[in-house]
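Structure first, commentary second.
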Amino acid sequence: MTILILIIVLALIFDYINGFHDAANAIATVVATKVLTPFQAVVWAAFFNFLAYWVFGFGVADTVAKTAHTMEINLVVILAGVIAAICWNLLTWWLGIPSSSSHTLIGGFAGAAVAHAIAVHGFSGYVGEDGATHYWYEIVSWYKAGKDGAMPSGVLIIIAFIVLAPLLGALASYLISIWLLNASRKTIGPKIFTAALMIATIVFVYYQMVPYDKIEKPRFDSHFWSVAFEAHNIKWFLVAFIILTVSGFCLIFSSLNLHQADAALKKMQLLSSAAFSLGHGGNDSQKVMGIIAAAVAVYINTNPGVHMDAWLDVVLPNDDAGIKGVMPSWIPLACYSAIAAGTLSGGWKIVKTMGSKITKVSSFEGVAAETAGALTLYFTEHLKIPVSTTHTITGSIIGVGLTKRVSAVRWGVTVSLIWAWILTIPISALLAGLVYFILSVFI
């Protein structure tokens, strides 16, 4: 039990570090464009990091918890993974490198699990409880096909989104920028497109809503308020609100002078940065929830017959067995509080890289990049994929820069960031493996 408590404490410390390590993701552009002061920006971002508690479910947490097969590992594996993730996060923060906290945690968890499998079984095959021959590398859930056509999961999918997340962010911000640029012209075509997009958004979001009769635990007696405050529905309401707000601005953009347009864009930056902070809190806090859930599951597996107190009564969902997940409310509340507190601490070294070194950012670019980043995070969270908020917003900023000219992006800085992204998982995995072998000597 002592190791389990230690893992929970260290996981929350990692969540706090994640907050100030990734604070720049949400606040870099609003600070660079002087919409908010650095202090105002971190308070703004921290508030919406915490607000995500009422918006997002636990899909990403479930994916992270199943990075390694919990029936085949022990608590030392998770402890080593968390320690390695903390070390790598602090190092990259100190060097001002906006690496992925998400991939650091995934890499650490997977690396420690592989080290455990090698230590227990060596490199040769062994016969498992199912009577089949298994190998050390199978301890990690590399790939699992989605059920009934759903999105597949596994570490390979997470690795794929190292490339796909920034590409999606870049594509979305590029298209939003082109949309805004055309909306500034006094022609009817962009207005027709915008009106059509608004109608399509309303219809799409309407069909994504969960009706009252399908809500498992309605929060209110009123059907209307229960539907309105269902977490799944709130997320889609936010998507509609973001798109409709930008659409409303596009309809009047051509009638505004330069000063009016800039003032409106700065106000919209508050909305876009808030939306991104919500996505950051919802995506990154769930990863720590997943680690805590995995630790409890491993503790129960390695201590059969143990009675868990209600505050640690965690059950991992299993779609194949029809088991629904259970997570005490204090876990998500603690995780969201930790990341919000970390964001309040700021991360000024990385703010400089994200806000000015990649490309020069104005209010126009800030709105496009943050809106694209937020929509990408909501989309990937819906698919239960733990992506990097760092990669997403960096790709979004690059996409905005490309609308001006290819040379507007400082590719030397960008290439350095990409190398950091590529190396994060393998370095975290190797570091976690080393920490695991050291801890195994003493525990």
Side-chain angles (χ1 to χ4, degrees), residues 9-56 60-61 85-86 88-94 96-105 238 269-289 291-292 331-355 361 366 369-371 373-374 376-378 381 386-394 396-397:
V9 172
L10 288 177
L12 292 175
I13 291 173
F14 172 84
D15 207 17
Y16 171 81
I17 295 170
N18 187 352
F20 73 73
H21 187 279
D22 288 4
N25 298 343
I27 69 174
T29 57
V30 287
V31 172
T33 55
K34 295 181 172 59
V35 173
L36 294 175
T37 65
F39 177 74
Q40 290 171 332
V42 293
V43 172
W44 183 257
F47 173 74
F48 286 97
N49 276 170
F50 183 75
L51 200 63
Y53 169 72
W54 286 277
V55 177
F56 296 96
V60 171
I86 289 174
W88 181 247
N89 248 13
L90 288 174
L91 177 63
T92 52
W93 166 78
W94 179 256
I97 301 170
S99 67
S100 168
S101 298
S102 311
H103 294 148
T104 300
L105 196 60
L238 286 170
Q269 255 198 289
L270 293 175
L271 168 65
S272 60
S273 65
F276 189 85
S277 294
L278 269 174
H280 172 220
N283 199 285
D284 284 24
S285 290
Q286 286 191 57
K287 293 153 192 171
V288 176
M289 293 181 218
I291 289 295
I292 293 174
I331 295 177
L333 192 60
C335 290
Y336 282 110
S337 298
I339 200 168
T343 299
L344 276 173
S345 303
W348 312 121
K349 289 175 179 285
I350 300 174
V351 166
K352 186 176 180 182
T353 300
M354 299 293 288
V361 179
E370 288 162 349
T371 301
T376 302
L377 288 179
Y378 294 172
E381 195 279 337
V387 301
S388 166
T389 54
T390 306
H391 296 186
T392 302
I393 194 63
T394 303
S396 299
I397 294 173

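Below, each value reflects all heavy atoms present in this structure, side chains not excepted, and no hydrogens, waters or symmetry copies.
Scanning for side-chain hydrogen bond (donor to acceptor under 3.5 Å, both in side chains) contacts around Thr371 gives an empty result, with sequence neighbours left out. By the side-chain hydrogen bond (donor to acceptor under 3.5 Å, both in side chains) test, Asn89 is found to be paired with Ser101, residues two or more places apart in sequence or in another chain being considered. Under the side-chain hydrogen bond (donor to acceptor under 3.5 Å, both in side chains) criterion, Thr104 pairs with no residue at all, not counting sequence neighbours. Qualifying side chain to side chain contact (heavy atoms under 4.5 Å, CB included) partners for Leu91, counting only residues two or more places apart in sequence or in other chains: Trp88, Leu95. In this view, Phe48 and Trp44, Leu51, Ala274, Ser277, Leu278 satisfy the side chain to side chain contact (heavy atoms under 4.5 Å, CB included) rule, not counting sequence neighbours. By the side chain to side chain contact (heavy atoms under 4.5 Å, CB included) test, Ile13 pairs with Val9, Leu10, Ile17, Ile86, sequence neighbours left out. By the ring pair (Phe, Tyr, Trp, His ring centres under 6.0 Å) test, Phe56 is found to be paired with Tyr378, residues two or more places apart in sequence or in another chain being considered.
For the atom pair NE2 of His280 and OG of Ser285, the computed distance is 7.5 Å after rounding to the nearest 0.5 Å. Between atom CG of residue Asn49 and atom CD1 of residue Ile339 there is a gap of 5.5 Å, rounded to the nearest 0.5 Å. Remark: Gln269 CD to Phe276 CZ distance equals 13.0 Å, nearest 0.5 Å. Here CG of Leu270 is found 9.5 Å from CD of Gln40. Values are rounded to the nearest 0.5 Å. Rounding to the nearest 0.5 Å places CG of Asp284 at 9.5 Å from CG of Leu105.
With hydrogens and angles disregarded, no donor-acceptor distance shorter than 3.5 Å links the side chain of Glu381 to the backbone of Asn283. In terms of modelled atom types and a separation under 3.5 Å, the side chain of Lys287 and the main chain of Val387 share a donor-acceptor contact.
Below 30°, between 30° and 60°, or above 60°: for Tyr53 and Phe50 the angle between ring planes is below 30°, a parallel geometry.
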